[in-house]
Asks: 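The structure's right below; bear with me while I get my questions together.
Computed from a prediction, not measured in an experiment: that's the story for all the values here. Order of listing sets the numbers, starting from 1, for every ligand and every atom in it.
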Amino acid sequence: MTEAARAADGPAPAPGRAPAVVDLIRAKRDGGTLTAGQIRWLISAYTAGEVADEQMAALAMAIFFRGLNRAELSAWTDAMIGSGRRLDLSGVPAPTVDKHSTGGVGDKVSLILVPLVASCGAAVPQLSGRGLGHTGGTLDKMEAIPGWRAGLRGSEFARLLSSVGAVIAAAGEDLAPADRKLYALRDVTGTVESIPLIASSIMSKKIAEGTAALVLDVKVGSGAFMRDLARARELARAMTELGAGHGVRTTALLTAMDAQLGRAVGNAVEVAEAIEVLRGGGPADLVEVTLALAREMLALAGIAADPAAALADGRALAKFRQMVAAQGGDPDAPLPSAAHARRVAADASGWLLRLDALAVGTAAWRLGAGRARKEDPVSPGAGVLCLAKPGDPVAAGQPLLELRADDPARFDGALAALDGAVAIGPQRPEPGPLIIGRIRQPGGRRRARQ
Ligand code: URA
């Protein structure tokens, strides 16, 4: 047994006696546990550039296979929060509550939910990162609105939160910087899909953001990070426990992501659809998920209000316009549109059984709506409009999808992504539930539907 493996059950390393990283890697590789002190030291040294990427990558792989126990996960998350600044929103005059989605195709819920919940009396502090891959990012969608800016300076975030009550903004460099570095490393070392690493990554950023309460939308299905329900539930439990342990009241909803949410997938097209919902219309699935999350957020904030009424009577739309204008956006400006469009038609008549979310998300991404590397630009007008949804009757030759791109050379790659994504059959499919389950933090009441 190595010295570090023996120390793993003991206290933090004595000051000035940093453990050898290779011993920590071996300890985790062999199924041991790391102490809070070892974890604190490791994350801090890694953030400062004193631990080599290859060693952190090896440790991430050991965690991928061995996991982290509750105490390790809590210490890991603490250390990630402590690598930067935890915002203090205690001066905000309304109860703060945020939402985080693990990412889905056509997931424009934040654009509606943030102003909606704020219009009911809460303050919603949403700090986001940029989208990578097929699920797109909230900031990219908002940036399709002419003039709107994601970067806020210094105290602007808390000031807007107090005056408007709804802020969507880019997370600053000092928000959990250890996660920024570690996530980039996990991305290229096949270690993203580890439940403790995902849970600590998401929760460190949300806890550091300073919100008092948080609702997690854990997506499950072909277009989601978590393809199966058991793993989605495990992730939701880990995150709600971390929230509870760090004083953030946290609830998770498990929601379906086998088909895209709503009909629009992209940036400007999703903004347009979000505005439709804020005007009291929009696709039923998008409205259902948004209202379910809004009810959870308002319950955690202790506000008795009906979010459906705020959508119907224009309060949420007015708050959206105020939120956009407060960050330089023009809510009346026309949204950008792509220069070229191409339609995909049904090849048979019957019922649309499947329109695979991952394929639609990948097609939108290849059309230019998403980026492959974080420094790539996105096309605000590119994307996919789904003209039929699973469960709809369709006729042969009827357009099912409209692809939009600035560069027509992109259509071939998008069409290739859609190969095999559509299934049409003679029997009407039984719709599954959109809200699959709910997980409250430990000590809270738990209810799960499925
Ligand atoms: N999103 C995050 O912020 N972190 C992860 O690890 C995975 C998804």
Asks: Can you confirm whether Lys108 sits close enough to Val271 that some side-chain heavy atom of one is under 4.5 Å from a side-chain heavy atom of the other?
Replies: no
Asks: Specify the protein heavy atom at minimum distance from atom 5 (C) of ligand 1: its residue, its atom name, and the distance to 0.1 Å.
Replies: Tyr183 CE1, 3.1 Å
Asks: Give me the one residue out of Leu116, Leu286, Leu291 that meets side chain to side chain contact (heavy atoms under 4.5 Å, CB included) with Val277.
Replies: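 Of all the options given, the one that passes is Leu286.
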Asks: Return the residue, atom name and 0.1 Å-rounded distance of the protein heavy atom closest to atom 1 (N) of ligand 1.
Replies: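 For this ligand atom, the closest protein heavy atom is Ile202 CG1, 3.9 Å.
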Asks: Compute the minimum heavy-atom distance from Ile198 to ligand 1 and say whether it is under 4.0 Å.
Replies: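 Checking ligand 1 against Ile198, which is what was asked, there is a heavy-atom contact under 4.0 Å.
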Asks: Can you give me the closest heavy-atom contact between Gly381 and Ala338, atom names plus distance?
Replies: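 Closest heavy-atom pair between Gly381 and Ala338: O-CB, 3.5 Å.
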Asks: Atom 3 (O) of ligand 1: which protein heavy atom is closest, and how many Å away?
Replies: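 The answer is Lys205 NZ, 2.5 Å.
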Asks: Is a salt bridge present between Asp98 and Lys206, judged by a nitrogen-to-oxygen distance below 4.0 Å?
Replies: yes
Asks: To check you understand the geometry: which heavy-atom pair defines the closest contact between Ile25 and Gln55, and what is its length?
Replies: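 Taking every non-hydrogen atom into account, CD1-O, 3.5 Å.
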Asks: Suppose I only count heavy atoms of Ser201 and a 4.0 Å limit; which atoms of ligand 1 are within that range?
Replies: 2 (C), 3 (O), 4 (N), 5 (C), 6 (O)
